[in-house]
K.L.:
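Starting off with a structure, shown below.
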Amino acid sequence: MRTQRSHKPAGRNERHSAAWGKRFGALLVVLTASWSVAQSSKLSRDLQALPSSATVSVIVQYYNSPTIAELNAATGAGASNGKGLGLVKGYRWTLPRGQVSSLINKDSNIKYISLDRPLQGAMNNAVPAVGADIAHSLGYDGTGVGVAVIDSGVNNVFDLTQASGSSKTTRIVYNQNFDPSANTTNDLYGHGTHVAGIIAGNGGSSSCGNCDVTFRGIAPNANIINLRALDQNGSATDSTVIAAIQQAITLKSLYNIRVINLSLGRGIFESYALDPLCQAVEQAWNAGIVVVVAAGNYGRDNSNNNNGYGTITAPGNDPYVITVGAMRTMGTPSRADDLIATYSSKGPTILDHVVKPDLVAPGNLIISDLASTNDTLYSQFPANLVPVSEYVASNTSNVSSTYYQLSGTSMAAPMVSGAAALLLQQNPALTPDQVKARLMKTAYKVFPTYSSYTDPSTGITYNDQYDIFTVGAGYLDTAAALGNTDIAPTTAGSALSPTAVYDSTSGTVYLVNGSSVVWGTSVVWGTSVVWGTSVVWGTNTSGQSVLWGSSVVWGSSTTSGFSVVWGSSVVWGAKTNSNATAIAIGGDK
């Protein structure tokens, strides 16, 4: 069985028709006492929250259009890269946060100063949606942490370099090829470079003088260990991927590899306890490496009347790893309007019924680095190149030769890998279980009850319920995780994903903590401690939480769909397409 990447070509954002509940527009996290800053009615709150050492791009609005003398006064206060915004009698400036108050003091004509906030789609929306922009403002960028990208290779693109005097030095600190079909570590497919950019891109190619948006990754100074396992078509075998995992463990101490990203998957054919790929990731986990895996792109698969449930791919079915589903940013930086991507695979896992995914993160229309115009993905989908106007203040109709747009849980997984790198930079002593527990506990847990999307190309409507098998413990919140100090037990396996059990007598599904130490204390799921009153259904009974009755999820397909997920048959064996390709090519438009 060949292991394939779990991505889909980019499409337009879905639109939802379900009514929203209460929206939350403000991110409220206290990260450090050193954030005390002078309050000013002329400064926006998010600007006031940033440390004085941060370099910020701001919009300065004036009561009257600024004069030459006022502009000179601004540059004298340390402002640079000025750009006139006559429509609002304003100017955009870049300057140290600590000089903003000085700017106000020098000019009584200033009305209000706010951050130049991004409003365009892709990574510039994904970063604030998961709170990584706040992490960056605090100085967390993944410095010193190694992330092994086991994928189709990683090209030495500009965004994966670091400043070194007058030259640029790559942050790809190690390269090795495991794919027998080609003797190269270059990315012939175009997937691995995109993934690496989401993890660690520094936005160098979108940081020009007239760039309005910077496509920066989650941990923009982390090191990348390029372990090429997927071929030019995005395929591999279990043995190839396992060999790459083994090498990551071998190199752990040399390159401080603390995270492995696996944006790939295949069907499940046996219990994770027997699956060699799952056992390999457990070895990496036990060696002290956080393993992050894409959930898969089968959420639209209703071929067995299961409404996409039970479609998590291996090795995302392993209870040790962090399995990640995909959200859509809806073209805004706020997470309050974000919705699940209909293609995102849902739990529980086939056969073992492990509760997955563990987290969800942005995975739709994600802009990151293009490997080259010779790679397979570009050849198949050249329209996914990003228009230059997405990040450069110009009227050009040209397309970028640097940035590419993809969607899928493959893009969501590296969001979590980057967040894990930031946590490990902050506290290198954290174990993989402690990282997993922290990310899951602090995840954003405000969702609608339902959402729906109609694919305009097929007319098919997909309905999603925001249950534990769809969104896991919630939406990645990097800032909240960095601001949290809770430490889970150091015992290996203390944060195992729990198991769901069907009680045929009562017709209900229960959550069983099993051997997991963390979830037994209601840190993540509990009855109301974390999830509130609308996400976990029922109350704790003898350590078991009732998830739902037999008819809540399965609707009119209760009998057939339920038996597929909860029966003992191997669903993947009956599929003609047991890899991630079929659903990956479709998806949200």
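Counting begins at 1 with the first residue of the sequence.
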K.L.:
Donor-acceptor pairs under 3.5 angstrom involving side-chain atoms of residues 318-325: please list them, not counting sequence neighbours.
P.N.:
unit_1	atom_1	unit_2	atom_2	d
D318	OD1	Y320	N	2.9
T323	OG1	G316	O	2.6
T323	OG1	K356	NZ	3.0

K.L.:
side-chain contact (heavy atoms from CB on, under 4.5 Å) between Q247 and Y174: does it pass, once the steps are laid out?
P.N.:
CA-CA 11 Å; Q247 184 65 348; Y174 182 85; 3.1 Å; yes
K.L.:
Please enumerate all residues that pass ring-ring contact (aromatic ring centres under 6.0 Å, His included) together with Y378, with sequence neighbours excluded.
P.N.:
none
K.L.:
Does the side-chain contact (heavy atoms from CB on, under 4.5 Å) test come out yes or no for L262 and V241, once each step is laid out?
P.N.:
CA-CA 9 Å; L262 293 170; V241 175; 4.3 Å; yes
K.L.:
If you round to the nearest 0.5 Å, how far is CD1 of I150 from CG of L227?
P.N.:
5.5 Å
K.L.:
Is there a donor-acceptor pair under 3.5 Å between the side chain of S368 and the backbone N or O of I198?
P.N.:
yes
K.L.:
Among side-chain atoms of S497 and D358, is any donor-acceptor pair under 3.5 angstrom?
P.N.:
yes
K.L.:
For the residue pair S263 / H191, report whether a side-chain donor-acceptor contact shorter than 3.5 Å exists.
P.N.:
no
K.L.:
Without swapping roles, check the side chain of N484 against the backbone of A480 for a donor-acceptor pair under 3.5 Å.
P.N.:
no
K.L.:
In Å, rounded to the nearest 0.5 Å, how long is the span from CG of L424 to CG of N256?
P.N.:
8.5 Å
K.L.:
Spell out, as yes or no, whether a donor-acceptor pair under 3.5 Å connects the side chain of S52 to the backbone of R97.
P.N.:
no
K.L.:
Within the structure provided, determine whether L365 and R328 are in side-chain contact (heavy-atom separation under 4.5 Å).
P.N.:
no
K.L.:
Any side-chain heavy-atom pair from V354 and Y272 closer than 4.5 angstrom?
P.N.:
yes
K.L.:
Is it true that atom CD of Q246 has more than 12 heavy atoms of other residues, nucleotides or ligands lying nearer than 6.0 Å?
P.N.:
no
K.L.:
Is a side-chain N or O of T185 found less than 3.5 angstrom from the main chain of V154, in a donor-acceptor match?
P.N.:
no
K.L.:
Please evaluate residues T94 and T55 with respect to the criterion side-chain contact (heavy atoms from CB on, under 4.5 Å), reporting the C-alpha separation (whole Å), side-chain torsions for both, the decisive distance (0.1 Å), and the verdict.
P.N.:
CA-CA 7 Å; T94 299; T55 298; 3.6 Å; yes
K.L.:
Under the 3.5 angstrom rule, does the side chain of S379 hit a backbone N or O of D375 as a donor-acceptor pair?
P.N.:
yes
K.L.:
With heavy-atom distances below 4.5 Å as the criterion, would you say the side chains of M411 and L406 are in contact?
P.N.:
yes
K.L.:
Is there side-chain contact between L230 and L264, with at least one heavy-atom pair below 4.5 Å?
P.N.:
yes
K.L.:
Answer yes or no: is there a donor N or O on one side and an acceptor on the other, between the side chain of D187 and the main chain of T193, under 3.5 Å?
P.N.:
yes
K.L.:
Tell me the closest heavy-atom pair linking P220 and G201, and the distance in Å.
P.N.:
CB-O, 3.4 Å
K.L.:
Any side-chain donor-acceptor pair under 3.5 Å between Y475 and D338?
P.N.:
yes
K.L.:
Just do the side chain to side chain donor-acceptor pair (under 3.5 Å) check on Y403 and D159 with the steps written out, would you?
P.N.:
CA-CA 10 Å; Y403 293 111; D159 281 15; 2.6 Å; yes
K.L.:
Pair T143, D141 - check side chain to side chain donor-acceptor pair (under 3.5 Å), show working.
P.N.:
CA-CA 6 Å; T143 297; D141 57 7; 2.5 Å; yes
K.L.:
May I ask you to decide if A371's main-chain N or O and N155's side chain share a donor-acceptor pair within less than 3.5 Å?
P.N.:
yes
K.L.:
With the side chain counted from C-beta on, respond yes when I225 and V149 share a heavy-atom pair under 4.5 Å apart, and no when they do not.
P.N.:
no
K.L.:
Within a strict 4.5 Å, meaning less than it, do heavy atoms of the L430 and I487 side chains meet?
P.N.:
yes
K.L.:
Is the backbone of S494 close enough, under 3.5 Å, to the side chain of D433 for a donor and an acceptor to pair up by distance?
P.N.:
yes
K.L.:
Please report the shortest heavy-atom distance between A294 and A413, naming the atom on each side.
P.N.:
N-CB, 3.9 Å
K.L.:
Between T75 and W93, is there a side-chain heavy-atom distance shorter than 4.5 Å?
P.N.:
yes
K.L.:
So, taking the atom named CD1 in I172 and the one named OG1 in T169, what distance separates them when rounded to the nearest 0.5 Å?
P.N.:
12.0 Å
K.L.:
Is any side-chain heavy atom of V56 closer than 4.5 Å to a side-chain heavy atom of L50?
P.N.:
yes
K.L.:
Please give me the minimum heavy-atom distance between Y189 and Q232, naming the atom from each residue.
P.N.:
CD1-O, 2.9 Å
K.L.:
When you look at W285 and V290, which way does the side-chain contact (heavy atoms from CB on, under 4.5 Å) test go after all the steps?
P.N.:
CA-CA 6 Å; W285 190 271; V290 177; 4.2 Å; yes
K.L.:
G288 and P432: which non-hydrogen atoms are nearest, and at how many Å?
P.N.:
C-CG, 3.5 Å
K.L.:
Measure the spacing between CG of D477 and CZ of R438 and express it to the nearest 0.5 Å.
P.N.:
12.5 Å
K.L.:
List the residues meeting salt bridge (charged side-chain N to carboxylate O under 4.0 Å, His left out) with R228, not counting sequence neighbours, and say none if there are none.
P.N.:
D179
K.L.:
Which atom pair, heavy atoms only, marks the closest approach of I257 to I289?
P.N.:
O-CG1, 3.6 Å
K.L.:
Taking K445 for the side chain and G474 for the main chain, is one N or O donor matched with an acceptor at less than 3.5 Å?
P.N.:
no
K.L.:
Out of curiosity, L439 CG to L423 CG, how far, rounded to the nearest 0.5 Å?
P.N.:
5.0 Å
K.L.:
Can you name the nearest heavy-atom pair linking Y404 to L377, along with the distance?
P.N.:
OH-O, 2.9 Å
K.L.:
Can you tell which of N223, T161, N156 makes a side-chain hydrogen bond (donor to acceptor under 3.5 Å, both in side chains) with T170?
P.N.:
N156
K.L.:
Could you tell me whether a side-chain N or O of N186 sits under 3.5 Å from a main-chain N or O of L188, the two making a donor and an acceptor?
P.N.:
no
K.L.:
Find the distance between OG (S410) and CG (D151) and round it off to the nearest 0.5 Å.
P.N.:
7.0 Å
